[in-house]
2 protein chains.
Amino acid sequence: MLVAARSDNGDAAKTATDFRMGRQVPTAIQTAADIRPAAEALRDIARDLGNFRVAACANIASRSPMTDADGNVLASGVFGWPATKEQWWQKPLLALSSPLTFACRYENEPFWANAHGIHTRAPNPLLDQIDLSLFQGEVNANAVICVPVHMSFGQIAAISFSPFNDKRDDLSKEFDLYSDQLEYHARRFVHGYTRVSSQRPWIPKNCRLSKREVECLRWAAVGKTDVEIALILERSCATVRFHIHNAAIKLEAVNRSQTVFKATQLGYLGNVAAVMVPHPQIEAQVAAK
Amino acid sequence: MLVAARSDNGDAAKTATDFRMGRQVPTAIQTAADIRPAAEALRDIARDLGNFRVAACANIASRSPMTDADGNVLASGVFGWPATKEQWWQKPLLALSSPLTFACRYENEPFWANAHGIHTRAPNPLLDQIDLSLFQGEVNANAVICVPVHMSFGQIAAISFSPFNDKRDDLSKEFDLYSDQLEYHARRFVHGYTRVSSQRPWIPKNCRLSKREVECLRWAAVGKTDVEIALILERSCATVRFHIHNAAIKLEAVNRSQTVFKATQLGYLGNVAAVMVPHPQIEAQVAAK
DNA sequence: GCAAAACCTATGACTAGCGATAGGTTTTTC
DNA sequence: GAAAAACCTATCGCTAGTCATAGGTTTTGC
């Protein structure tokens, strides 16, 4: 079956059908029993594309290694990491170590990295300060392609593809050729893994925060006290508390920390730290009190 | 140029090269000047694939409409929403209205929806309670394909594709055929848009939270007081405060709310609400005090 | 247009919890 | 062994949370 290539004149969309030929994506996971075959598929795709070895961390905040339905660790059981290197399961941050983990927090798209730098599709100044001096020791590779996966409830996963048994330290060509597909399969894999292995996350009952509630919460999230928020919004301290308390009830939270946490997880606060402008006048007023 | 089709035997990866033929993805944005052409590309892809009209919200927590480099609103200027419907820019939640916005908070992958239900690639019970009784009125379409985009710093975007000038209310076939590519282009577009239009987000200087700091923060985030955390961890209240205070310093936060906020944004806390198990004994001890 | 629901605003008193500060000890790591 | 990390005790002032109450405005649905 041959598929016509596209031209660059707006027919790009029409070739989408070969993107996922057939109904079944090998890396997708529907049930726990799919984990291992999906991991094997991801491993094979990575090998086929660039002789990469996969390192996958479903939740960079967690120390749990990814396992299949029978509890076998995928890193050694499927992805081919030697059992002697298994120490990193106790410290998953080491393999997807500090530099990569950091980059995954701040970058939405795949990137490749080596000791000389982190190479993204578009410049991301946030990554400039990441210290790569110990790259090889921390990452166990000279270069790596890494796919950050930002998910619901604030969960971040990271999947890396490093050269298997070779010394490549420039993956720019492979990155250009394969990053989209590596990203696609990594995301499908991690989404499915997270879905089948998570316990049921919390969800409030059809809550809908009001504009005022969100506004007050945002200011609270960036560290303002009730008094400060009141001055900013030109409302009383009691009103601010009232709104925050209402938000807490709706989010089924018991205090402000939990309220902020849940609101952040659900994207109510957005990228608020970048847009909230300090109020020099209000700060002077607070200081005068 | 013809590209051989793949079989189902592990050659899937090899057809990746036609996934993004050439170096330039039309929906990718490198500079603000790219916004409009990228939006036009997204519009055209959506039209070509399924005669869809695009509605895009870069940050569901924000009321700002997406605009090009000259400040023109993309919805009316590019995506073809009639100017008379422009009211929804003041209330972006209406177009990507409550049901869809809610679903985007809880779902990582594309889905399609109509008044009868929300149809995901894999069952997501979290979406079951979403009220779709007013679907048509709120979404302005009988059915819609929607792509949630979870990004760094807890930002969530949503891009919907609804039938343009027709009454389709079952998009399951289009969804199966095109959801991957719609997702791909939507994500590229939104990532680029967010990158070029955001002010510089905050970033702490190479911070690295310790295990204890994260542990204490997690419990704080789920609403436990210092006393409760101390009992849970079998440490003193002061130690708990010490660790949380350390985390605050590293995250450059002024109080607990901001600390929790930043830690959540950066994925330090993960999907913690699902894994923290209540401690009935500690709660009894606290009650006894 | 009207009634109900949702949202907004405010008060005051009290207490629980958090933040800052100070100083010290113990454990872990190199 | 030294330095760093983790842990501990204590105090005090500030902030957040609670409670009960009151009233007004806006939005929604019929």
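Per chain, numbering begins at 1; letters A, B, ... match sequence-line order. Everything quoted here is computed from the prediction, not taken from an experiment.
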How do B:C237 and B:S257 order along DNA chain D: which one's closest nucleotide is nearer the 5' end? B:C237
Is the distance from OP1 or OP2 of C:dC8 to the nearest side-chain N or O of A:T239 less than 4.0 Å? no
Between B:V54 and B:F161, does a side chain to side chain contact (heavy atoms under 4.5 Å, CB included) hold up when you go through it step by step? CA-CA 5 Å; B:V54 181; B:F161 303 88; 4.0 Å; yes
Closest to the side chain of A:R235, out of C:dT9, D:dA16, C:dC8, is C:dT9
Ignoring hydrogens and angles, are the base of D:dA16 and the side chain of A:R256 linked by a donor-acceptor pair under 3.5 Å? no
Any base atoms under 4.0 Å from A:S236, or only sugar-phosphate, or nothing? Heavy atoms, all strands. sugar-phosphate
Below 4.0 angstrom from OP1 or OP2 of D:dC14, is there any side-chain N or O of A:T225? no
Using the ring of A:Y268 (Phe, Tyr or Trp, six-membered ring only), decide whether B:R105 places NZ or CZ under 6.0 Å from its centre and within 45 degrees of its axis. yes
In this structure, which one of B:V149, B:T194, B:I60 forms a side-chain contact (heavy atoms from CB on, under 4.5 Å) with B:Q155? B:T194
CD of B:Q258 versus C1' of C:dC18: gap in Å, rounded? 15 Å
Euclidean distance, atom CZ of residue B:F242 to atom C1' of C:dA22 [Å, nearest integer]: 13 Å
Figure out the CD/P separation between B:E228 and C:dA16, and round it to whole Å. 14 Å
Using atom CD1 of A:I229 as one end and atom P of C:dT9 as the other, report the distance to the nearest whole Å. 13 Å
Check the distance between C:dC18's C1' and A:R241's CZ and give it to me in whole angstrom. 13 Å
Is any side-chain N or O of A:S210 closer than 4.0 Å to OP1 or OP2 of C:dC8? yes
Atom-to-atom span, NE2 of A:H245 to P of D:dA20 - whole angstrom: 11 Å
Sugar-phosphate only, base, or nothing, as touched by A:N255 at under 4.0 Å among non-hydrogen atoms: sugar-phosphate
Strictly below 4.0 Å: does B:H243 bring a side-chain N or O up to OP1 or OP2 of D:dA6? no
Under 4.0 Å: is that the gap between some side-chain N or O of B:R212 and OP1 or OP2 of D:dC7? yes
Does A:K211 have a side-chain nitrogen or oxygen under 4.0 Å from the phosphate oxygens OP1 or OP2 of D:dT26? no
When rounded to whole Å, the CD to P distance for the pair B:E213 and D:dA5 reads 9 Å
Carboxylate-amine/guanidinium proximity below 4.0 Å for A:R212 and A:E215: yes
If we ignore hydrogens and angles and just use 3.5 Å, is the side chain of B:N255 paired with the main-chain N or O of A:G223 as donor and acceptor? yes
Whole-Å distance separating the CG atom of A:L217 from the C1' atom of C:dC7: 16 Å
